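Shown next, in structure tokens, is the structure this report addresses.
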Amino acid sequence: MNTRKVLYQFGYRRSPDQDCPSPVRHPVIVVGAGPIGLCTAIDLAQRGVPVVLLDDADRIGEGSRGICYSKRTLEILDRLGVAAPCLQKGVTWKIGKVFQRNDLLYAFDLLPEDGHKMPAFINLQQYYLEHALVKRAAELSNLDLRWRNKVIGLRRRNDGVTLTVETPEGAYDLDADWVVAADGARSAIRDMLGLAFRGEVFEDRFLIADVKMKGAFPPERWFWFDPPFHEGHSALLHKQPDDVWRIDLQLGPEADAKAEQSPERVIPRLRQMLGHEDFSLEWVSVYTFQCRRLERFVHGRVIFVGDAAHQVSPFGARGANSGIQDAENLAWKLALVMKGDAPGSLIDTYDLERSAAADENIGHSTRSTDFIAPRSAQELRFRDSVLALARHAPFAQRMVNSGRLSTPSTYETPLSTPDRDQWSSGLRPGAPLPDAPMLQRNGQPIWLLEALGGEETILHVQNGGTVPQGSRVLVIGEDLRDEHGFFMQRFDAKPGSTYLVRPDQHLAARWRSADPAAIEKASRRLKGFDGEHA
Ligand SMILES: O=C(O)CCc1cccc(O)c1
């Protein structure tokens, strides 16, 4: 059952680099062609940076891995050109339900408002996402994806890194100005640099099963505390495409991982839960998890992203989503630095912003895990009291923690210019921009985030005055029209309001009226030319 079915097979191809007498030098080498490595490589390539992407495998296999992709992740995937196939195949959902025993404690809606291109979440087997990314990578002539290229050695130099790469035809060396380590939780690059994680390892074991069946459950996230079919433990259910259902069952710290994966143990548990045996097992595994991270994500010219840099429990779906957000944070910075349009110290803000995001994710993940699988009698008493109260008191429902689902971080960063004017919407410098439906000059609809793309942009609300100058300016009221008022409301905009947007669509600065000198200063600041990171 755990022998992975190969879903997509790719060929090893000899690279001309393997025939060169001395190592060929590349601007960026990304190690690991999982979703995070692929997103990093595609983003860099789209920004005009030639990339080599190395992976030790040559296939995408079935397996129990990431399934939930959040709205922000989908917005990033859209910019990378892969959201459409993911949305088409994925199961869209936004409702979560939390049960205790057989009783519904409460339900939540992750996106109660209209006017967003992307849904709150989709569920999609990771292999479909990886396949869409590999197809996209193949369209980019400056992205060289090399299968069965395993990094077995790494030497750091002041101005770069030399990698030794093993292939079916022998080993060869490559030089890189920068290496991005996206080689996952068991990162070989991390080991080669002798880097250790700090954080927590949780003892509780969970059974994870992908089950194929014609289920009558709706496309919602259902979470149970102490259900009658699995007493004293928790259970989680998600719908995936192709009639596959993801089931996570808490087993406790004493569970025997090997025995629990056998069909003799798994099938009765699932029969108990589903009330029938009309299903087949696609994938079964037993896992424990860690909430931990590297102290620093940037080590000279080697930069860590995704699970190679930080790890969380599955609850909240923060692993893959935060990894893809690492990729987008890094790509624009690396591209600017490599083109000489920003100082090298801009890369330090990747470390600063994304390690703060990792701490946020680890904090959420740890608190959820402590609530779901209490580790002491005191934690258990607290958990059970909250659940008892939540049955009758809505305020206590907010204290129930069955996993806080992934949301993007607002960066507290030297790249932001602090507000000097009064603003009242939830948006603030460092935050990802909300989307809004707009009309183009020709009357065709376009989403705000589509119009922004991946470039630094000034958004200026028309007021009859002088339009600010910048490398890219979009005037609301001319270039983009806000027919339904979503933009004005979400941005707390008034005529003259002006926003400076980072290449990753986070807000860098805003003013009630455009001031060319202030805009120029904020633009230099967002590229790391100003303040302590100059
Ligand atoms: O709903 C959640 O909190 C996470 C669902 C999930 C994500 C990744 C793996 C897995 O087994 C469950």
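Since this is a predicted model, take the numbers as computed values, not measurements. As the structure lists them, so they are numbered: ligands from 1, and atoms in each ligand from 1.
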Practice prompt. Check each of Pro314, Ser313, Gly96 against atom 8 (C) of ligand 1 and report the one with the nearest heavy atom.
Written response: Pro314
Practice prompt. Using a strict 4.0 Å cut-off to heavy atoms of Arg246, name the atoms of ligand 1 that fall inside it.
Written response: 9 (C), 10 (C), 11 (O)
Worksheet item: Do other residues, nucleotides or ligands put more than 12 heavy atoms under 6.0 Å from the CD atom of Glu113?
Response: yes
Worksheet item: Do Gln100 and Asp226 meet the criterion of a side-chain donor-acceptor pair at a distance under 3.5 Å?
Response: no
Worksheet item: Taking atom types as modelled and ignoring hydrogens, do the side chains of Arg318 and Gln325 form a donor-acceptor contact shorter than 3.5 angstrom?
Response: no
Discussion item. I need the atoms of ligand 1 closer than 4.0 Å to a non-hydrogen atom of Ile208, numbered in the order shown.
Written reply: 11 (O)
Practice prompt. Report yes or no: does Gly403 have a heavy atom closer than 4.0 Å to ligand 1?
Written response: no
Worksheet item: Who are the ring pair (Phe, Tyr, Trp, His ring centres under 6.0 Å) partners of Phe229, not counting sequence neighbours?
Response: Trp224
Worksheet entry | Atoms in ligand 1 with a heavy atom of Asp248 nearer than 4.0 Å | 10 (C), 11 (O), 12 (C)
Practice prompt. Could you tell me whether Lys333 sits above the aromatic face of Tyr350, with NZ or CZ closer than 6.0 angstrom to the six-membered ring centre and within 45 degrees of the axis?
Written response: no
Item to complete: Please say whether Arg65 places an N or O atom under 3.5 Å from an N or O atom belonging to ligand 1.
Response: no
Worksheet entry | Residue pairs fulfilling salt bridge (charged side-chain N to carboxylate O under 4.0 Å, His left out) with at least one residue in residues 114-132, sequence neighbours excluded | Arg65-Glu130, Asp78-Lys117, Lys117-Glu450
Fill in: Between Asp359 and His310: side-chain donor-acceptor atoms closer than 3.5 Å
no
Item to complete: Could you list which atoms of ligand 1 come closer than 4.0 Å to a heavy atom of His238?
Response: 1 (O), 2 (C), 5 (C)
Discussion item. Out of all atoms in ligand 1, which are within 4.0 Å of some heavy atom of Phe315? Include the element for each.
Written reply: 3 (O)
Discussion item. Please report whether ligand 1 has a polar contact with Cys68, defined as an N or O pair separated by less than 3.5 Å (distance criterion only).
Written reply: no
